[in-house]
Protein chains: 2
Amino acid sequence: MGRAVTLGDVSRHVGLSVATVSRVLSGSPRVRQATRDQVLRAADELGYSANLSARALKTQRTDMLGVVFPDINNEFYRELLTGINDEAHAAGRHLMVEFGPGPRWQSLRPQDYLFGGRIDALILLNLGLPMDFLRDLAGRGTPLVLMDRPAPGVPAATVRLENVAGADAAMSHLLEHGYRRIAVLRGPGDSYDANERWRGCERALRRFGVELDHNLIWEAGFYEAYAYTATQRWLADHDAPEAILALNDAMAIGALHALREHGLSVPQDVALVGFDDVDCAKHLGLTTVHCPIRQMGQAAARAALNLMATDEPAAFYREEVLDTHLIVRTSCGCVPDDNPISQRPPINAVSRLEKKHARPVRPEV
Amino acid sequence: MGRAVTLGDVSRHVGLSVATVSRVLSGSPRVRQATRDQVLRAADELGYSANLSARALKTQRTDMLGVVFPDINNEFYRELLTGINDEAHAAGRHLMVEFGPGPRWQSLRPQDYLFGGRIDALILLNLGLPMDFLRDLAGRGTPLVLMDRPAPGVPAATVRLENVAGADAAMSHLLEHGYRRIAVLRGPGDSYDANERWRGCERALRRFGVELDHNLIWEAGFYEAYAYTATQRWLADHDAPEAILALNDAMAIGALHALREHGLSVPQDVALVGFDDVDCAKHLGLTTVHCPIRQMGQAAARAALNLMATDEPAAFYREEVLDTHLIVRTSCGCVPDDNPISQRPPINAVSRLEKKHARPVRPEV
DNA sequence: TAAACTGATGTAAACGTTTTCACTGCGGTT
DNA sequence: AACCGCAGTGAAAACGTTTACATCAGTTTA
């Protein structure tokens, strides 16, 4: 139950000054070998472990990277986090993560994002913060890395996805299938990502000479539930489109549920394509745009570490853009040859109508 | 770029002592209103934010909860984390999370789990740590909460799931379906969870008078890949069982993929039941045992906060067990009436044989 | 042999807080 | 008039480190 063992305890135990003990423990060369051994033995014996608050206070370094996310219940962010964590660990750094509740973060001042000085660098996920806010934040001496949204004029490194090309590829694929009445489930207009992805769609449509039907652009929050209602509402009094391009996978899943409830099959009745390639997409057979999310996290962490190590002003405006590409599975109507797992429907359950009142039976093997 | 604003800066700015400024900022009543206003204005103007390392050093409190996980790429743990986070936030605390790489943590000493004194309490997920290790850890003055595994004799609060009853329910359900040749995909023998869940299976089998076939007990790591190979290997030279009970959802998904590759449908050819009720289970229509994972996280955080506030020795041995229950979807062969979304297969893609060489066509709406 | 260097250690200041204690006026009791 | 209490404030110590500087013994060098 006692309080933690300090340097003082160790020094008293071996009859040396705290300075010497500190030197041993931080690997300074200016110590006799015998002394070193003696100190290490004592430290081990007493179960010493450095007080990192004290160290941080003195050295002004914490070996921590701060990460702020809107939400952890989102596979995209979690995968990103894994990437950041991997890279941070490899460099002997640890993470200080703060995930949502998003709105709360919006009401904070720049300095509140700095974890009270407990971090050496900050990685931010697009939280919809205004540019001058970011500029203020970036000017406070803690290196800043932004993900997903470029911030011109802000001295912060940026890492983001090639959203335009990805969306273009997805839309082009549907157009090559021959579909023309294609609904687009796009994210909110104030999201940079959402706008970029939509730009990709537009580009493909223009290239194919398809004129766009504004009724088929469904704007919704980037979450399953919103997409579900949006699709639901449309289907209530319109014919289903030939295809739906959802600009993230969560929305694709929402649309899928709505389609099912209207008795529509994917891809026979309506083709469906997503964006992100979250884990579940593989199991569902969802054709989607693969994003190297984990690598993006790693890149962000590397950028942060790099910023901590350099004074080079150019580094503070570096921008890294990661490639995306389409993964063809079954939901678009293709039956690809190169991905055996997704060639079949996930669970071939009997339909409700056929078996509603049937008793469970032992199936033949 | 400058260094952060300190109390000293603020005090100099207003011509008062740091003591007074500190008092204002920590809400002490012994300050004149005029002074208070003046200080707050100055602090705001200068963008002051307290150095938490210094505060922690002085007060010996950090308002941080430490959490150690084997792995973040696991929906079970992530959901748990969300619960912990919610509860911690509600109490004005923050989290310091360390996830994997598991094996690295195994090689650390007890004091290395304490985040260098940067946490006020520690929540541990079963990392396979030996009892005397836990006892040492618990004796170091930082309140300890263990999840998933009771640790008799260790002064730590425990929160875990009712695994036995859950597994019993799942197995019973399959037995009520009439299945008798039921394979069990169980977790590793050194996992407490795995053993508990297996005990539940045994109990149900015994109650139904079914004698167990040791060939049908497949032991594998709690991950998709292991379950996939285990199932794969069995199907290579045996008849498929009538049903598979996977003792976590990741394993169920692994088994599902293996079954598909052997051309077997779920549930027509083989029934499948999982355990955990991860998010994806809903989309897949997987019948599984629902675990209140988030609530478990909340309970753990509450236990930690409680331990920090009390000296009551009994609290340090408190054990909380959360209920589980079966969620019936389609994968077991039932077609439940109460869950419209899961009554249909996730994506009704055409089978490979039918359409392999077909050109994409515009489907009729 | 004195001066200069070297290697090992100790001393003490500093990092930014919080908090105990002491001090100063000042109004109200005896 | 001497006393007390009290509200408001400041001085200073402490938390556990790291590190520049001082010390000191034992070399080496001139």
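A, B, ... follow the sequence lines: proteins, then strands. Residue 1 opens every chain.
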| OP1 or OP2 of dG10(D) under 4.0 Å from side-chain N/O of T20(B) | yes

| task | Would you kindly say whether E98(A) and H89(B) are connected by a side-chain donor-acceptor distance under 3.5 Å? | result | yes

| query | Got a salt bridge between D37(A) and R41(A), using NZ or NE/NH1/NH2 to carboxylate O under 4.0 Å? | reply | no

| said: Would the distance check show the side chain of R93(B) and the main-chain N or O of A91(B) forming a donor-acceptor pair, the cut-off being under 3.5 Å? | reply: yes

| query | Can you check whether R78(B)'s main-chain N or O pairs, donor with acceptor, with T82(B)'s side chain at less than 3.5 Å? | reply | yes

| task | May I ask you to decide whether E319(B) forms a salt bridge with R160(B), counting only side-chain N to carboxylate O separations under 4.0 Å? | result | yes

| Plane angle bin for F133(A) and Y113(A) - parallel if under 30°, tilted between 30 and 60°, otherwise perpendicular | perpendicular

| query | Between R149(A) and D193(A), does at least one N-O distance fall below 4.0 Å, as a salt bridge requires? | reply | no

| Do side-chain atoms of N51(A) reach the backbone of A54(A) as a donor and acceptor pair under 3.5 angstrom? | yes

| field | Within residues 33-41 of chain B: residues closer than 4.0 Å to DNA chain C (heavy atoms) | value | none

| query | Any idea which heavy atoms bring L307(A) and P143(A) closest together, and the distance? | reply | CB-CB, 3.6 Å

| message | Counting the benzene-type ring for Trp, do F69(A) and F76(A) have ring centres under 6.0 Å apart? | response | no

| said: Nearest 0.5 Å, please: how far is CG in L80(B) from CG in N85(B)? | reply: 12.0 Å

| said: Between D112(B) and R109(B), does any NZ, NE, NH1 or NH2 come within less than 4.0 Å of an OD or OE carboxylate oxygen? | reply: yes

| request: Say whether, by atom type as modelled, one donor and one acceptor occur between the side chain of D120(B) and the main chain of D63(B) under 3.5 angstrom. | output: yes

| How close do L46(A) and R140(B) get, heavy atom to heavy atom, and via which atoms? | O-NH2, 4.2 Å

| Contact boundaries on DNA chain C for chain B, cut-off under 4.0 Å to non-hydrogen atoms | dG16(C) to dT20(C)

Output one line per pair: protein atom, nucleotide atom from nucleotides 24-26 of chain D, and distance, for all N/O pairs under 3.5 Å.
none

| said: What residues from residues 45-65 of chain B pass a heavy-atom cutoff of under 4.0 Å to DNA chain D? | reply: L57(B), K58(B), Q60(B)

| message | What residues from residues 5-16 of chain B pass a heavy-atom cutoff of under 4.0 Å to DNA chain C? | response | T6(B), L7(B)

| Does R118(B) offer a backbone N or O that forms a donor-acceptor pair with the side chain of T62(B) under 3.5 Å? | yes

| said: Between the side chains of R3(B) and D9(B), is the shortest nitrogen-to-carboxylate-oxygen separation below 4.0 Å, so that they form an ion pair? | reply: yes

| task | Give one of base, sugar-phosphate or nothing for R30(B), where a contact means two heavy atoms less than 4.0 Å apart. | result | base

| field | H13(B) to A42(B) - nearest heavy-atom pair and separation | value | ND1-CB, 3.7 Å

| task | Kindly calculate the angle separating the two end axes of the helix from dT1(C)-dA30(D) to dT30(C)-dA1(D), each obtained from five base pairs, and round it to 10 degrees. | result | 70°

